[in-house]
Amino acid sequence: MRLTRLDLLRYGKFTDKTVSLPKADQDFHLILGPNEAGKSTLRSAIQDLLFGIETRSRYNFLHAHSEMRLGAAIEEGDAALDFIRIKARAKTLQSAAGSPLADNALTPFLGQVDRVFFDQMFGLNHERLVQGGQDILSASNDIGQILFQAAAGVGSLGHIRDQLEVEANLLWAKRKSGDREYYEAAAELELADAALKAATVRTKDWQEASTRVNEIADELEQARARYATLEQQRIGLERVRRTAPLLTSLKASEDQLAELGKVVELPENSAEVLARAEQDTAVATQSVQLFETQRTDLAGKINTLHPNESVLARSTDIEALDALRQELRSLDNDIAKREGEILVLWQELQESVGQLGWPVEDEEALAKRLPGSLVKSTLGGLIRRHDMLLQTLTSADEALSQRNAEIKDIGLQMTGLPDSELPVALMDALAIARALGDVASQEKQSETQIRRLTRDLETATSDLGAWTHDADALRRLQLPTQDEINTLVKRRSDLEAKEAADQQRVVELTSEVEALQLEILQFKATHQPVTLANVKQTRVDRDTTWQAIKLGQMALMEAAPGYEQQVAQSDLMSDQRHDRAQQESEFQIKLDQLTRLQQQVKDFTAREQQHTAALARFDQDWEAQIKAVGLPGMPLLKLNHWRLVREKVLIAQATLNEAQSAQSAFEETTAQASAALAQVVQARQPQHGPMRLSALVLLADEWVKNETRSQERRETLAAQKIRAEGALPELNHRQTVAQAAVTAWQLDFKNNLTLANLPEGTTLEAAQDALALFDRMHVQLQKIRDLRVNRIGAMRLAQKDFDAQAKALALELAPDLGQMTAAQIALDLSQRLKSELAVADELQRLRLALEQTQTQLDAAQQRLREANATLAPLLNQCGTQDKDSLRVAIANSDRWRVLNLQLTEALSQVLALGDGLGRNALAAEFAATDVTTLGQRLAEFKLEMDDSVAQQNRLSAELNAAQTTLEKIAGQADAARAEAQRQEALARMSNAVERFIKVSTSAKLLRWSIERFRESKQGPMLTRASEVFAELTQGGFCKLAVDYESEPLKLSGLRTTGERVEIEGMSEGTRDQLYLALRLAALELHLQQTVALPFIADDLFINYDDGRARAGLQALAHLSESTQVIFLTHHEHLVPVAQSVFGERLNVVRLG
Amino acid sequence: MKFIHTADIHLDSPLVGLAAYKDAPVSLLRTVTRDAFTRLVDVAIEEAIDFMVIAGDLYDGTWKDYNTGHFFCREMGRLNKVGIPVYLLFGNHDAESEMTKKLTLPTNVHTFEARKANTFTIDALKVALHGRSYKEAATFENLVSGYPAPLAGWLNIGVLHTALGGYTEHVNYAPCSVAELTAKGYDYWALGHVHEHAILQKSPWVVFPGNLQGRHIRETGARGAVLVTADETGIQSVERVLVDVLRWHVVEVDASQAGTLQEVVRLAGQAFERLLTETPESIYLSVRVCIKGKTAVHGELFGLESQLREDILGQAAGQGTDRLWVEKVRLETEPAVDAAQLATRSDAIADLQKFLDEAPEDAALLEALLQDLRPLLDRMPLDVVRAVPELDAIRTGDMAGIVKSVTPGLMAYLATSN
């Protein structure tokens, strides 16, 4: 399939752009466009056209997705289709007329190719080319991989295989490693196994644990029963030991009671009652006597004391009067001090009056003359406002005068500005001159370029060597075509090769002849071979001698020794010949061989001479032919190179011519612009002579700049003046208002001075001071009044009241004091009161003591009576009034009671210690026991019981342990959890193994099939790739070769010198070329089997020099004979290169 | 009157095939069979049922831990406290278990005899339960014939552990037919052994409650027991009581429209979201993701299967709950371009395809592969060998099968990994 036309209707930056791709023998199209001109858009457009516009296409920046469309005319053999591709979900193909086409309408043209495959196989860009070269290096020891990657257009296959192998290795390998998924899971399995084993409780385990608990419990029960029995016996013995002494003591008490006989039973405390009654009686009698004496003494003292009741009755008033006396003691001093203060204040006031210039007056008149608070506050307000009013007036005045000055200044500035306009001609001329840009550097660049091009031309011309011609002659030269030259070169090489081969052969043969001759000599020397001729000769010599003897020509005697010798020699030779038949035969073979070789030397020498002659003839013919062309002496082998140089010279000449004419055109334009500008400038400033364009532009620029600046300044000043004049009325008004306010204030101030009794001319500061003075005087007057009324008046009143009180009290209680001062009266009365109070207190104390003594006497008499009463009941009970008889009866009663108590206590102790047994039973048990062995028997019991306790403890511990073991089996899920963990680990292992089998098998299959691919494809692909490679490397390499000796097989390049270069030894560029060679070879092979599609090469040779680029294009030229090649580039310089390969009729499409 | 009919509890039987991975809710799921059984007992108490019937396979036959029995007794103790009797029949697994014989059960648990069929009656309800436990696992005799005649005027329930003759998944123990069961004249047949829930007939009722908790990917969907309601006229209703704690699902992801691995992962994520919404929150999910369809991304998935699994696990974790566990990610996709189409390309890939097609016949290659993989087999525990069918193929030397299964994915991976 090929594209005849591509319509970029609404796609990327294109709208209705048509790219025409007409058919030619070499179906090669060069699409040229600078970067951003849409080359990659075009590449994508072809893919979208053939396989549908991508869902999220990024080429929608100008035309929305819904509007995107492409069109094309395609053909395959006789079939052709003109169609449109739109962007939609379905039915994206339409005919040129817009009717829908079937989705598979392109299948006859594309076959089963999909987008990915098309891109891989039929698309190649610089990036992939470079990557391909790198991939070749990384797979340098795997030809299969190299061939496969190039043939399939896929990226590094090794990467995929390595990835699979790495993954497999991370999953499983024979060697155990914690990094591998399988072994990691296996470790988990081990842990889970151990946990399961530890947690599992088998039924048997439970049974054992359960049985063990029961057994130990039984044993423990028995031990406890045995202990109980022992304990019982021990208790019996212990009881006998406890009760034995008590039983004995009980018997003794019963005997003593019987001895005592009948007794009156008196209360237990009878003895105590008797003793206490006797003691109480003695004490009470003594007390009665003491208290009676005290009572008499006290009554006597009371009768001697008589206090003054009237003084005592007024004790409160007397004490109050004395207190008042003390309080008023300093009153006179206080009054004198206050009056002094009043005098000082008045003097100060008089000073102030003097200051004010007022007349000397009394207190009241002064108070009236002082101004009131209203006048003071009005005056104070006026003083405070004064500064503010003055400030306002000053600032209004200043603003007004400042603005007037400003207006005047602007007027002056405006008058000083120049007044002119720019001529139109200047602007035109300047625009033209500016459009020329930086003339000087352009001229310099242009000169540099011409110099460089001239140098290039000279260099190229010098490469022509002796065959230099002028440019026209060079162009006219009719050189043989390249194919003709190639044929001739081949013929000459053949001739040379043959000559060289023959020459080589002659040399070899000659050397072989010499070697054989030497060998023969050596053989002779070693074996002394006897030839048949030798034998015959010896025999002839012998026979001749014998004949001479027979004929008598020789005397027998003389000849005999010689003859015998000859006979012997002949025999010897004959024998030797017989013996050395083998060596003789060998010797003969060598001789024959020598003869053959010598003949061959002769033949080859003849052939060599023939070839030399042919070569000479060939060279003569060539010389004649090349001389006819006009290049005498040009060697055949140099012609191709010379032709390239010639082309370079021609191109250099053309480029130089182009640059020179461009330079002249530029100079002419510059001169015109310069003249126009000079005319205008000189019209204004005639003093300037002829000038360069750049200077003129500078002058003109300055002129324009100055004029523009003046104009701008004028406009600014005018605007400023209008603004300043507009503000004047407002400023005038403000000044008038301020002045009026000041005048009003002055009148008001004068009036208020009068009201304040101040003279008319009082200044502002004096008025302010007078106000302060008024305030002080007012305060001083207030203080004088306060001292006189409130302080001195109050003190005099208190003094008067005290005198009256003292006189009244003296009249009532002590008329003798009537003539004394109030203070003396108060003091005397106070002393009299103190002595009367002392007498009254003593009388009170004595009365209280009398009362107390009487009470104590009564109590002692009562106690005496009570002591006698306590004995009455005991005496009655004994039937006697005699205290001694009572004492005997009490002793008997007490004895009887003690014995009874002892008896009861002994019995109760016996019963308490008898473990519930009765007295009789205990007595019987006591009687039946041998008390002497009791201790020993108890010790035996203790030992036996200790044993039993130890046994029980042991069993309890065992039981506890067994129960714990049993209780541990409580239905917990530990084993279930461990089993779950096992399953988790197993699942993880299984997953790892499953994936391992997959990836490891894949990696191996891949390796195997790549090897198969190599085996089947290596021959044809390498053969074709060798040719392309040689072409691409411009003869640097002549072919690709496989080293069958190495393992693994290795691919290398052969230089024309025969040197073998392995891939590692190739430069990056050469590897790129190798990859390209392989790709193109693969593509050609591929195209032999299936439908052809356009090959899109996108900026393949961006880093190539022209030579290599040409070689690359030549390789593509071959491809373009079997399929369409669309070559995208942004290098303009590739156009002539491509034209040199494809001819002038090459289809070049320029985008943008 | 209400009773619960359950069977195939397989207490402490582990979940199989779940590989632990980071963020998986591992610890929550290790006791699911117990948890499901506890839920069932909870339901029994809440519903105040009159009795419970367990139709065999309480334990896993090979399970040794006595704690399991103890746990069962504890749960039965809870029923005993509220006066619910339990009628327990031993199935093939129980017959195999050591625990069955030694465990002392609470007084409310009545076990059917193994020697011959016996009958328990509940006089207050006029219910008669007939059944016969397995004496040994391999019980291939027809037990039904020995069951007694129904008690006239009583509700007769037959308890039987049987494969009923028709389930290939299960060993054909105690074979019999529905017709035979019908002929017995009972009102309800409480069956066990088959793990799938099935009501085979309603007059009389023949019911498999299914197992209580699914334990591997072959036991998908909701699991539980049945709650049977009856009155003096007979059985009124049979409702499922779903008590499973973890539910197994196969999530199929159609990757035919997907263009990248990430799109496939997203589709899986969406499927997870749907499944989570549809499943009650109290239930965990274990999911097998099967990626299907003829898709352009087939090759990428094949090559990056490990990454795919990781990303899908990420999707599961990304759902923000601990409820979802990915059991396995299975690639069942097919290449968008099949082998025939590849061949028409006539390029190197097509050549490779041709060689790979011939690979299963290349004895030397197969032998080399076998030599590489056999050490793997030699070192695997039996459980792994059982779980990975390819290991069996290696054991029998069927390397051709492995090669055939790997080839399409490998080809697609090569064709698309430029």
Side-chain angles (χ1 to χ4, degrees), chain A residues 111-114 116-117 120-121 148 151-155 160 167 172 174 188 199-203 205-207 969-973 975-977 979-991 993-998 1000-1002 1004-1006 1008-1009 1012-1013 1016-1017 1082 1086 1089-1090, chain B residues 12 14-20 26 29-31 34 64-71 73-74 98-99 102 303 305-306 328 337 341 344-349 351-352 355-356 359 365 368-369 372-373 375-376 380-381 383-384 387-388 390-391 402-403 406-407 409-410 413-418:
Chain A
Q112 293 294 334
V113 169
D114 62 13
V116 174
F117 175 58
Q120 277 171 11
M121 201 66 197
F148 180 80
V154 298
I160 295 174
E167 191 183 346
W172 185 85
K174 275 189 201 171
E188 282 174 17
T200 301
V201 177
R202 301 181 67 116
T203 306
D205 302 336
W206 177 82
Q207 258 185 303
I969 308 167
Q972 58 271 56
R977 287 204 176 86
E979 177 60 25
Q981 274 170 292
R982 278 189 76 244
Q983 294 298 334
E984 285 156 22
L986 282 168
R988 198 172 155 194
M989 289 158 79
S990 304
N991 287 349
V993 167
E994 222 170 292
R995 179 70 184 156
F996 171 78
I997 293 172
K998 207 183 255 188
S1000 118
T1001 308
S1002 295
K1004 291 214 165 53
L1005 277 175
L1006 194 51
W1008 175 82
S1009 45
R1012 293 281 306 271
F1013 178 85
S1016 69
K1017 297 285 171 181
H1086 172 70
Q1089 300 174 47
T1090 183
Chain B
D12 286 342
L15 301 178
V16 178
L18 289 185
V26 182
L29 304 182
R30 287 181 178 153
T31 54
R34 283 189 179 208
K64 307 287 185 215
D65 186 29
Y66 188 81
N67 282 300
T68 308
H70 204 294
F71 167 79
C73 291
R74 204 161 64 203
E98 289 173 14
M99 259 175 285
K102 300 293 175 188
E305 196 174 348
S306 302
K328 195 177 270 250
V337 179
Q341 275 173 300
T344 62
R345 291 166 49 147
S346 309
D347 71 338
I349 298 273
D351 288 329
L352 214 57
F355 300 139
L356 284 175
L365 170 70
L369 277 172
D372 280 345
L373 291 177
L376 183 68
M380 284 303 120
D383 287 311
V384 177
V388 182
E390 287 86 349
L391 285 174
I402 293 179
V403 170
V406 164
T407 304
L410 177 61
Y413 188 36
L414 289 178
T416 55
S417 61
N418 186 12

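Order of the sequence lines sets the chain letters (A, B, ...), proteins ahead of strands, with each chain counted from 1. If you're wondering where the values come from, they're calculated on a predicted model, not measured in any experiment.
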message = So, taking the atom named CG in B:L414 and the one named CD1 in B:I349, what distance separates them when rounded to the nearest 0.5 Å?
response = 5.5 Å

request  = Count the heavy-atom pairs under 4.5 Å between each of A:S1000, A:S1009, A:A151, A:A980 and chain B, then report the option with the highest count.
outcome  = A:S1009

request  = Report yes or no: does B:D65 contribute a side-chain atom to a donor-acceptor pair with the main-chain N or O of A:V201 at less than 3.5 Å?
outcome  = yes

inquiry  = Tell me which of these, B:T31, B:I402, B:L18, B:D12, has more heavy-atom pairs under 4.5 Å with chain A than the rest.
reply    = B:L18

ask   = Can you tell me how far CD of A:Q972 sits from OG1 of B:T68, rounded to the nearest 0.5 angstrom?
value = 10.0 Å

note = Greatest number of non-hydrogen atom pairs under 4.5 angstrom with chain B, of A:T1001, A:T203, A:N991, A:V993, falls to A:T203

ask   = Does a sphere of radius 6.0 Å around NZ in B:K102 hold more than 12 heavy atoms from other residues, nucleotides or ligands, not counting ones at 6.0 Å or beyond?
value = no

message = At a 4.5 Å cut-off on heavy atoms, which part of B:S306 comes close to chain A: side chain, backbone, both, or neither?
response = both

note = Heaviest contributor of heavy-atom pairs below 4.5 Å to chain A, chosen from B:G69, B:G17, B:A359, is B:A359

ask   = With a 4.5 Å limit on heavy-atom distance, are the side chains of A:I997 and B:L391 in contact?
value = yes

ask   = Between B:D372, B:L15, B:V384, B:L365, which has the largest tally of heavy atom pairs under 4.5 Å with chain A?
value = B:L365

task = Pick one of side chain, backbone, both or neither for A:S1002, based on which atoms fall under 4.5 Å of a heavy atom in chain B.
result = both

task = Output all residues satisfying side-chain hydrogen bond (donor to acceptor under 3.5 Å, both in side chains) with B:D351, sequence neighbours left out; order by chain, then residue number.
result = A:K1017

task = Measure up the A:F996 and A:W172 rings against each other and bin them: parallel (under 30°), tilted (30 to 60°), perpendicular (over 60°).
result = perpendicular

inquiry  = With rounding to the nearest 0.5 angstrom, report the CG to CZ distance, B:N67 to B:R74.
reply    = 8.5 Å

inquiry  = Is A:A199 close to chain B through its backbone or its side chain, or both, or neither, when contacts mean heavy atoms under 4.5 Å?
reply    = backbone

remark   = For A:S1016 and B:F355, the nearest pair of non-hydrogen atoms, with its separation, is OG-CZ, 3.4 Å

Which of A:Q981, A:R988, A:M989 touches chain B most, by non-hydrogen pairs under 4.5 Å = A:Q981

task = Just give me the residue among A:G111, A:A970, A:A975 that pairs up with chain B most often, heavy atom to heavy atom, under 4.5 Å.
result = A:A970

task = Please state whether the side chain, the backbone, both or neither of A:R202 comes within less than 4.5 Å of a heavy atom of chain B.
result = both

request  = Output yes when A:K998 and B:E390 qualify as a salt bridge under the 4.0 Å nitrogen-oxygen rule, no when they do not.
outcome  = no

key: Toward chain B, the part of A:D205 with a non-hydrogen atom under 4.5 Å   = neither

task = Answer with side chain, backbone, both or neither: which region of B:L373 has an atom nearer than 4.5 Å to a non-hydrogen atom of chain A?
result = side chain

task = Pick whichever of A:K1004, A:K174, A:R995, A:R1012 has the most heavy-atom pairs under 4.5 Å with chain B.
result = A:R995

ask   = Which bit of A:Q207 comes within less than 4.5 Å of chain B, counting heavy atoms only: side chain, backbone, both or neither?
value = side chain

